[in-house]
Q: 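One structure is given below, represented as structure tokens, and several questions about it will come after.
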Number of protein chains: 2
Amino acid sequence: MPTIQDVARHAGVSRSTVSYALSGKRSISRETQERIGAAIAELGFTPNAGARALATSQTMVIGLFVQFFEDEFSPAMLQYVLPISDAAREAGYDILMVTEADGPHAVQRILSSGMVDGVILLNVAHEDPRLPVMRKMKQPGAMVGLPRNPEGFDVFDLDFAEAGKILVDHLAERGHREVILITPRQHVYERGGAYAWRFRDAALQQAASYGIRVRSYYGQTQQPAVNDQLNQILDAREESAIIVHNDAMIAALPSVLYSRGVGVPDDVSVVGMFSEDFGRLFSLPYTAVETSPDKLGRLAVQALVQRMAGPPGATAPGVELIAPHITDRGSTR
Amino acid sequence: MPTIQDVARHAGVSRSTVSYALSGKRSISRETQERIGAAIAELGFTPNAGARALATSQTMVIGLFVQFFEDEFSPAMLQYVLPISDAAREAGYDILMVTEADGPHAVQRILSSGMVDGVILLNVAHEDPRLPVMRKMKQPGAMVGLPRNPEGFDVFDLDFAEAGKILVDHLAERGHREVILITPRQHVYERGGAYAWRFRDAALQQAASYGIRVRSYYGQTQQPAVNDQLNQILDAREESAIIVHNDAMIAALPSVLYSRGVGVPDDVSVVGMFSEDFGRLFSLPYTAVETSPDKLGRLAVQALVQRMAGPPGATAPGVELIAPHITDRGSTR
DNA sequence: CCTGTGAGTCGAACCGATTCGACTATGGTA
DNA sequence: TACCATAGTCGAATCGGTTCGACTCACAGG
């Protein structure tokens, strides 16, 4: 690979001149500009990323830390990753994707070696062990998922409490007095997936205020347990409506309902929590709160890019809970 | 962040001594070893990745180039990405994930800037425009998907032709004389998704040798077109068996069959092409050829790592088509 | 005519590691 | 006793960029 030195020689100028021609940080005469351009084209020169990182302490790489929990439904994660990757590229950054099981260790390793200029954390838990590590590092961090203490980071998440209320309201308005609530797996609550109880607490409270009786189940995430449990729940059903906050359960619901000959919304009303893409993927005909993974991912990238590029003390990082929005697909009555 | 210089000062030795203590490439006295270790621990030193890359011309990063085509079913891709990421980390490498739409340009950009030591290409097309670019670069490449000219790369793919034969054999043995074949979208054939016609050609040829009549359809990949088309196909069905080589179509098949009251295998036999994970995700109860995305991904990483680490002329890179294996889930008769 | 200014360029220092060659003890061998 | 490996360490060069300070030259203003 040719170096900047080769280009300089070829164009008959010094290394610094080539560098300035490339960055435009000092003025260069038209003809020198052209000679350098020709040399670069002819030699096929591209600046070496490592050298540039060393000199500028900027890598133009964002670390994307993804945790794949076995208690969650994997296709859902991809909905965040892709928009983030695209948004990052649009802003001139590449993505170092880290799926290491030991999150805190991975954060430590990647950040202290200076491989990335900033970090996006997905699937952040209430007491996420990655956060204390992040705080010791100089790179900024943005995240999707609300931790107990978000201080110092740009945090984006859906307003799950509001989402819970909206769905309960939706059913209450239609006269439902008894509903089933299917939540994420119990293990999600235990390891601190805060979105789970933010949603459930708000839904239960709102239901209570209407005098609606709620029976709630921790849902499964792996087949064949998912289908078995759905059948059990439906066997025991007395309620007229179901709220599903569990990707795997709602993805499997249509076929289980079909097989039992249960019609929606004629026999039972169903509402859920999923993105439009997810709904299309699994042909889900249910009214749902849009979870907007693409929007959250892009917001995180934007905030991070601003913080990496901009002056240090621009604005204090903060939490943004985006307002949930219901998409009525006519699955309630 | 502390540098190796700080460590050296702190331990009262020279930079080179610290470096040798870290790499073990020269012997260091026990006590110096310990002083350096203490200094590193106390200062929290981690070598700077950029500087190391510059000095060694090794980044310990693998570029993973993923193309997300709208004519393909996205969850399938994740099955390759995760095992690759895990395998890479086990070998000491991190993953730079590139999803840029303009593949050749991205390859050029990343490789010539020396950001990665090697490359894995996913979803390689028959005449993949990324390959000519790769050939001009010095970094080795491994890929999943068989191109027309695989020369110079480690290529891994399922033996789709054999898979096609196996499924036809499976149906032929059970006496089926007329079958439906649902393939990937027409667009996949047009842009050179070779796996599609390798499978179809072999299946058709094998069917012909048995005197089996095959009616074949290009499947859809997006809802609601998928369900509509499935219904149309089933409306016009005269055949006793269906071979599905299309992720989106087979994922939607159970609910469509349920809704039509068509039983498997009583009313129709169904076989497909999907991985065990994919089948579990969508609760697919069909006999299928296992597509082994995890195995293919790991093979690619292993081959690449060997070529990056090992001496230049170890063994000539080559093509490995892994033997397909059928999983009988009792969906045929 | 002298001075100040800005455009255009160069040389050298620097970023933080690795690695080669050379140097000094130390102990073993002839 | 002289000589030679070998272990252990250091200094300096190097990787390929960026950036600061200084220099030259032309031109405008007083």
Side-chain angles (χ1 to χ4, degrees), chain A residues 1-37 39-40 43-61 109-117 138-139 309, chain B residues 1-37 39-40 43-61 109-117 138-139 309:
Chain A
M1 291 286 101
T3 73
I4 200 171
Q5 181 68 275
D6 300 326
V7 174
R9 234 193 310 270
H10 203 272
V13 295
S14 75
R15 276 161 31 178
S16 49
T17 303
V18 177
S19 180
Y20 284 124
L22 244 26
S23 68
K25 292 189 178 176
R26 285 196 186 176
S27 48
I28 301 289
S29 73
R30 178 155 214 79
E31 68 169 334
T32 307
Q33 194 75 261
E34 281 164 8
R35 280 216 315 285
I36 292 176
I40 288 177
L43 299 174
F45 166 76
T46 312
N48 179 282
R52 176 172 278 181
L54 185 54
T56 62
S57 4
Q58 281 214 5
T59 62
M60 300 307 282
V61 174
R109 183 172 63 82
I110 301 285
L111 271 73
S112 64
S113 73
M115 295 181 80
V116 303
D117 294 341
K138 64 175 190 307
Q139 292 98 330
Chain B
M1 291 287 98
T3 72
I4 200 172
Q5 181 69 274
D6 300 327
V7 174
R9 235 192 312 270
H10 203 272
V13 297
S14 75
R15 278 156 49 194
S16 49
T17 302
V18 177
S19 179
Y20 285 122
L22 244 25
S23 68
K25 292 192 178 173
R26 287 198 185 173
S27 47
I28 301 288
S29 73
R30 177 155 212 83
E31 68 168 335
T32 306
Q33 194 75 260
E34 280 163 7
R35 281 215 316 284
I36 291 176
I40 288 177
L43 299 174
F45 166 76
T46 311
N48 178 282
R52 177 172 275 182
L54 185 54
T56 62
S57 0
Q58 281 214 7
T59 62
M60 299 308 280
V61 174
R109 183 173 63 82
I110 301 286
L111 271 73
S112 63
S113 72
M115 296 181 79
V116 302
D117 294 343
K138 63 175 190 308
Q139 293 99 329

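Chain naming here is simple, since letters A, B, ... match the order of the sequence lines and numbering starts at 1 in each.
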Q: Counting any heavy atom closer than 4.0 Å, what does S19(A) reach on the DNA or RNA strands: base, sugar-phosphate only, or nothing?
A: base

Q: Mind calculating the distance between CG (L43(B)) and P (dA17(C)) to the nearest angstrom?
A: 12 Å

Q: What about R26(A), does its side chain sit under 3.5 Å from the base of dG21(D) through a donor-acceptor pair?
A: yes

Q: Describe the nucleic acid contact of S16(A) in one word from base, sugar-phosphate, nothing, applying a heavy-atom distance below 4.0 Å.
A: base

Q: Give a yes/no on whether any side-chain N or O of K25(A) is located under 4.0 angstrom from OP1 or OP2 of dT19(D).
A: yes

Q: Is there a side-chain contact between V13(A) and Y20(A) (heavy atoms, below 4.5 Å)?
A: no

Q: Counting just side-chain N and O atoms, does R15(B) come under 4.0 Å of either OP1 or OP2 of dG16(C)?
A: no

Q: What is the distance, to the nearest angstrom, from the CE atom on M60(A) to the P atom on dT18(D)?
A: 13 Å

Q: Nearest whole Å is fine: how far is dG16(D) C1' from R52(B) CZ?
A: 18 Å

Q: Is there a side-chain polar atom (N or O) of T17(B) under 4.0 Å from OP1 or OP2 of dT9(D)?
A: no

Q: Given I28(A) and T17(A), is the side chain to side chain contact (heavy atoms under 4.5 Å, CB included) satisfied, shown in steps?
A: CA-CA 8 Å; I28(A) 301 289; T17(A) 303; 3.9 Å; yes

Q: Determine yes or no for a side-chain-to-main-chain donor-acceptor pair under 3.5 angstrom, with R15(B) supplying the side chain and I4(B) the backbone.
A: no

Q: If you look at every strand shown and take non-hydrogen atoms under 4.0 Å, does T46(B) touch a base, only sugar-phosphate, or nothing?
A: sugar-phosphate

Q: Between R35(B) and M1(A), who's closer to the 5' end of DNA chain D by nearest nucleotide?
A: R35(B)

Q: Would a 4.5 Å heavy-atom cut-off, applied to side chains only, mark M1(B) and N48(B) as touching?
A: no

Q: Under 4.0 Å between a side-chain N or O of S23(B) and OP1 or OP2 of dT18(C)?
A: no

Q: Could you check how far CD of Q58(B) sits from P of dT14(D), rounded to whole Å?
A: 21 Å

Q: For the residue pair D117(A) and M60(A), establish whether any side-chain heavy-atom pair is separated by less than 4.5 Å.
A: yes

Q: From the list dG17(D), dA7(C), dA17(C), which nucleotide is the closest neighbour of the side chain of S27(A)?
A: dA7(C)

Q: Would you say S29(B) places a side-chain N or O within less than 4.0 Å of OP1 or OP2 belonging to dT9(D)?
A: yes

Q: Under 4.0 Å from OP1 or OP2 of dG16(C): is there any side-chain N or O of T3(B) that close?
A: no

Q: With nearest nucleotides of DNA chain D determined for A51(B) and G12(B) from heavy-atom distances, which residue corresponds to the more 5′ nucleotide?
A: G12(B)

Q: When the distance from CG of N48(B) to C1' of dG17(D) is rounded to whole Å, what number comes out?
A: 14 Å

Q: Under 4.0 Å, counting only non-hydrogen atoms across every strand here, what does T32(B) touch: a base, just sugar-phosphate, or nothing?
A: sugar-phosphate

Q: Which of these nucleotides, dT19(D), dT19(C), dG11(D), is closest to any side-chain atom of S14(B)?
A: dG11(D)

Q: Within this structure, what is the OH-to-C1' distance between Y20(B) and dA22(C), rounded to whole angstrom?
A: 12 Å

Q: Take the protein atom CG of L54(A) and the nucleotide atom P of dC15(C), then report the distance between them rounded to whole Å.
A: 9 Å

Q: Keeping T56(A) on the side-chain end and R52(A) on the backbone end, is there a donor-acceptor pair under 3.5 Å?
A: yes

Q: Rounded to the nearest Å, what distance is computed from the CD atom of residue Q5(B) to the P atom of nucleotide dA12(D)?
A: 13 Å

